[in-house]
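As structure tokens, the structure follows; a few thoughts come after it.
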Amino acid sequence: MSMNTTSGRGIGARLRRREDERFLRGQGEYVGDIRLDGMLEVAFVRSAVAHARLRGIEKPAGFEDRVFTAADLAGVRPIRAVSGLKGFKVSEQPVLARDKVRYVGELIAMCVAPTRAEAEDIAAQVFVDYEELPAVSDMLEGRKPGAPLLHEAWGDNVFLETFVDGNIAEIARRAPVKITRRLRTARQCMSPIEGRGVVAQWDRRLDQLVVISAAQMPHITRSGLAECLGLDHGKVRVISPDVGGGFGYKGILLPEEVCLGWLAMHLQKPVRWLEDRREQLTANANCREHHYDLTVYADNDGRLLAIDCEATVDAGAYSSYPFSACLEAAQVASILPGPYKFDAYRCRTWSVATNKPPILPYRGVARTGVCFALEVAIDAVARAVGREPWEVRLESLPTREMMPFDNITKKHFDSGDYPECLRRAVAAIDVGAIRERQRRGEPDGRRIGVGFAIFCEQAAHGTSVYYGWGIPMVPGHEQCQARLTPDGVLELRIGAHSHGQGLETTMAQVAHSVLGIEPENVRLIHGDTALSPYSTGTWGSRCAVMSGGAVAAACKEMAKRVAKIGAHLLQTDVSLVRVADGQVIGPSGSVTLKEIAYTWYRAPQNLPSDVDPGGLELTAGYKPVRDTGTFSYACHAAVVAVDVEIGTVEILKYVVVEDGGVLLNPMIVDGQIYGGTAQGIGTALYEEMPFDANGQPLASTLADYLLPGPTEVPDIVIEHMETPSPYSEFGQKGIGEGGAIGPPAAIANAVNDALKDLGVEITEVPITPARLLSAIAAAKVRSAA
Amino acid sequence: MKPAPFDYEAPRSLEAAIALLAQHQGLARVIAGGQSLGPMLNLRIAQPSLLVGIRHLPELRDVRQTADAVTIGACITHAEIEDGRIPDPTGGLLPYVARRIAYRAIRNRGTIGGSLAHADPSADWVSALALAGAHVTVCSPRGERQIAVAKLLLGAFETQIGTDEILVSVTIPRLSARARWSYYKICRKTGEFAEAIGGVLVDPDNGIRRAVVGATAGAPIVLEGNAALPGCDVAALWAANIDDPYKRQMFEVVLRRAADRIAA
């Protein structure tokens with residue numbers, strides 16, 4: 001079978017996104033656009049305090065039948081996201097609080113009215129009697145004996161402790177360079193333009209709950225809803241329409257979704273809840289909060305010898321479904337070594353329950369934190385040995401000849417040339433010119449610096465990686481259902497869902513590459529559990545590899561079936577035909593897919609007698625040759641100017657050199673990198689969800705929670721390398737998250753380079769003016785002492 | 001995030017608007033561009049029983065010029081000032097400041113009078129118009145009175161304007177051709193409220209030497225006379241009132257940088 005890669009519309013083409021036609025014209029359909037007859041709106045009463053026993057909830061007089069509390073939700077089960085890892089302690093998250101509240105914003109009651117404003121009016125009149133308890137607002141305090149307990153039965157606040165005990169003692173004793181740092185990444189909020197939203201209604205004809213939700217993993221949401229509501233899967237259908245960004249947040253089963261499902265069944269009316277920005281910020285979309293006590297051992301060239309780490313993750317009050325409360329911390333232990341090779345490793349991690357919203361996986365998941373921690377420490381190594389940070393990194397990167405490479409935590413790097421990636425970034429950012437400019441000094445008195453971050457991104461990792469975690473979701477094979485319609489349009493159904501990835505375009509490109517069918521004659525149907533095969537959905541940068549592989553498998557199977565019919569119509573043997581350019585081509589003629597489809601559906605009298613009676617509608621599955629994941633990798637390089645009087649950081653130049661294997665659509669990959677890098681810049685410089693000692697969130701609007709805007713994100717220079725993965729269908733690798741991983745490390749390193757003469761070293765993000773000035777002031781005190 | 005219930009009136013005249021405020025005895029709020037009050041209503045921080053829309057009133061969009069000053073109606077938008085559609089008596093200060101307020105979408109609706117009456121200490125007009133030596137005119141059933149912008153704020157979000165008064169116009173004195181000004185602010189990002197504002201105005205022909213430090217916890221600090229000269233150590237005049245060393249450093253820097261720009 002020939003591949004249609006040369007037409008400029010298949011794999012590798014910068015094909016414009018077909019979904020943009022509706023998105024850019026305001027014609028997308030999101031949950032917020034859906035209005036059903038008789039639909040009621042929901043507003044929630046949320047906890048005003050971080051930790052309390054609930055002594056009572058009073059419904060306002062006259063509204064008893066419009067307000068619902070845990071006592072009303074008979075039979076609804078709490079959300080349980082268990083991990084099978086040894087020692088994991090289970091939290092039960094009631095969808096409406098029962099006896100206790102454990103964070104500000106936890107749901108207490110649900111109020112329903114014809115409009116949201118009226119529902120909020122009712123919510124404002126619900127009286128909640130709290131018996132306040134001391135709160136755990138800091139993860140390190142929460143770990144200490146005697147800390148207030150969130151889940152009393154546990155005896156402490158630790159969801160899970162893990163320990164990777166490589167013997168590092170001997171190497172540590174001999175290592176000439178030892179760098180120890182305490183590093184932190186702030187709690188953040190994922191901020192898709194569209195927040196969460198749910199419309200629920202009961203379909204009496206199908207005896208089925210229909211939940212329309214902004215979900216990136218609709219099949220998993222369906223499983224979660226079925227479990228919590230005590231329904232069999234057949235009675236739950238989840239539809240995810242257009243989704244305005246997800247980043248991990250929309251993979252989570254929210255208590256709000258369960259509540260709305262119950263309410264639609266109870267009232268037998270459609271109901272809707274749209275998350276507002278305050279709910280998203282203060283109660284829901286929390287992520288990223290890590291603390292590291294990290295020691296790096298190196299030789300006199302700065303080559304890494306050993307890493308010793310104690311990492312704590314602030315997991316919030318409950319284990320979220322399906323990724324659980326241990327995903328981040330356990331990930332830290334396995335991915336902290338990053339792209340490097342070294343000899344000994346020890347890492348202890350804690351996932352600590354605190355009186356904050358559950359921590360959720362955000363683009364890059366734990367990688368953003370570990371990349372920041374390790375890369376900042378490596379720059380400190382470079383300063384200690386007096387070498388350029390990039391030279392030090394070259395000492396420890398696996399080379400092309402070592403591929404595939406198993407690192408110290410048994411991560412299997414499939415392919416690539418990591419040193420070359422770094423060298424290209426060094427050239428593109430022009431380190432020599434920056435050093436010269438630093439010697440000259442800036443006319444405006446600012447200090448400039450350059451910083452690097454290199455990391456890898458495991459993507460599309462499957463069963464062998466996930467089953468060991470024992471969480472509610474383990475990815476297996478991925479399926480695609482393909483159907484040729486009577487007029488020759490190819491319908492593809494997949495269980496993953498776009499929340500910005502452009503799958504309607506890239507999956508059509510894959511089909512084009514296999515069948516030669518024009519991309520505009522391919523329709524992707526996804527985002528509906530009733531219309532698509534089961535899938536864990538869109539997470540972990542898996543769609544290019546997994547959905548792309550499934551679509552290719554289905555198209556190949558379709559090619560076999562059309563070849564048989566086509567050969568018959570061409571009156572030749574099937575071994576003499578090929579499928580290309582949307583046709584079956586024989587030695588002396590061709591027949592189009594449209595003609596073949598017409599024959600199958602409308603003129604079966606013309607079919608060969610031995611035709612596959614399964615017809616032109618089929619399901620095919622896919623799993624990579626090896627399911628340990630593809631490893632894309634990238635080097636980010638930043639040049640910054642630091643105003644040391646006011647503590648501001650301006651990014652002067654930003655370079656990303658990345659290797660995502662074979663790119664299905666390089667334009668979409670560029671978009672992924674731009675968007676991710678913008679988010680990473682937010683992590684580096686702006687975004688922070690602070691809490692006070694009582695567990696009160698201190699940023700409740702976007703005036704307090706700063707997101708980078710167009711003027712804060714520089715033009716990003718992207719260079720692609722394309723080393724094929726040996727394990728995926730076309731050599732493609734997942735690249736969805738990398739953009740968000742590198743920036744905090746690269747920018748912090750650039751700031752530290754700019755301020756190295758002052759003895760200033762930033763070890764916490766975001767690098768706010770207050771943090772930067774206090775670091776500068778502390779360095780002044782140190783140097784005066 | 002939807003407002004608590006309120007009534008809305010769009011009176012036909014300034015007189016009628018003032019009468020409505022008087023009738024509702026402090027429970028009514030005036031709304032012009034709504035760029036600050038809108039979010040406050042949605043967050044239910046503000047829960048007036050009546051909103052009195054004034055944006056359409058021609059009296060509040062009047063612009064008058066005299067030999068000494070320009071008086072502009074309270075409902076003139078930041079964008080109109082930015083675009084030079086309003087006479088500028090300050091040699092460029094007004095459009096310079098207007099162009100740096102929030103984002104264009106906000107400037108299209110936000111008004112100069114609304115910004116002053118809202119009295120956010122970090123807002124630009126509060127400081128810039130104090131620097132320019134402007135005054136506002138407020139109107140009530142008792143008649144008109146003038147208040148210097150420098151004296152307008154009693155504290156954050158608190159002004160001398162009574163609950164039955166409406167800010168109707170801003171009068172900005174003409175600067176001489178020899179006047180020099182500078183205005184320097186620090187924001188975390190483009191369009192955000194300022195962390196610190198420093199302004200300096202020197203107009204030898206009118207005997208003005210003035211500096212302003214804004215985005216404080218309350219009213220801007222206005223320094224008159226020699227203290228405001230470039231290079232003077234004015235920090236001591238006000239630093240004692242600001243505990244946060246970070247904030248103090250910001251104020252010192254903006255004032256010095258503003259002064260340096262005058263000297264340059």
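Quantities reported herein were computed from a predicted structural model and do not represent experimental measurements. Chain identifiers are assigned alphabetically (A, B, ...) following the order of the sequence lines, protein sequences preceding nucleic acid strands; residue numbering begins at 1 within each chain.
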Please report the interatomic distance CD(A/E645) to CZ(B/R256), rounded to the nearest 0.5 Å.
4.0 Å

Tell me, side chain or backbone of B/M1 under 4.5 Å from chain A's heavy atoms, or both, or neither?
both

Applying a strict 4.5 Å limit to non-hydrogen atoms, the region of B/P245 in contact with chain A is neither

Any idea which heavy atoms bring A/E712 and B/T190 closest together, and the distance?
OE2-N, 2.9 Å

Greatest number of non-hydrogen atom pairs under 4.5 angstrom with chain A, of B/V253, B/N42, B/V254, falls to B/V253

Passes side chain to side chain contact (heavy atoms under 4.5 Å, CB included), B/E195 versus A/I646? Steps please.
CA-CA 10 Å; B/E195 304 273 302; A/I646 60 177; over 6 Å; no

Residue-level interface, residues 684-693 of chain A with chain B, non-hydrogen cut-off under 4.5 Å:
A/L685, A/Y686

Among B/M250, B/R188, B/Q249, which residue forms the greatest number of heavy-atom pairs with chain A at distances under 4.5 Å?
B/R188

What pair of heavy atoms forms the shortest contact from B/Y246 to A/P769, and how long is it?
OH-CB, 3.5 Å

Partner residues of B/Y103 under the side chain to side chain contact (heavy atoms under 4.5 Å, CB included) criterion, sequence neighbours left out:
B/I106, B/K189, B/E192

Heavy-atom cut-off 4.5 Å, strictly under: side chain, backbone, both or neither for A/P708 against chain B?
backbone

Do you know which of A/L773, A/D121, A/T711 has the most heavy-atom pairs with chain B at a distance under 4.5 angstrom?
A/D121

Applying a heavy-atom distance below 4.5 Å, give me the residues of residues 271-282 of chain A that approach chain B, sorted by number.
A/D276, A/R277, A/R278

Has B/I45 got more than 12 heavy atoms of other residues, nucleotides or ligands less than 6.0 Å from its CD1?
yes

Neighbourhood of chain B inside residues 107-120 of chain A, taking heavy atoms under 4.5 Å as contact:
A/R116, A/A117, A/E120

Does A/D444 have more than 12 heavy atoms from other residues, nucleotides or ligands lying within 6.0 Å of its CG?
yes

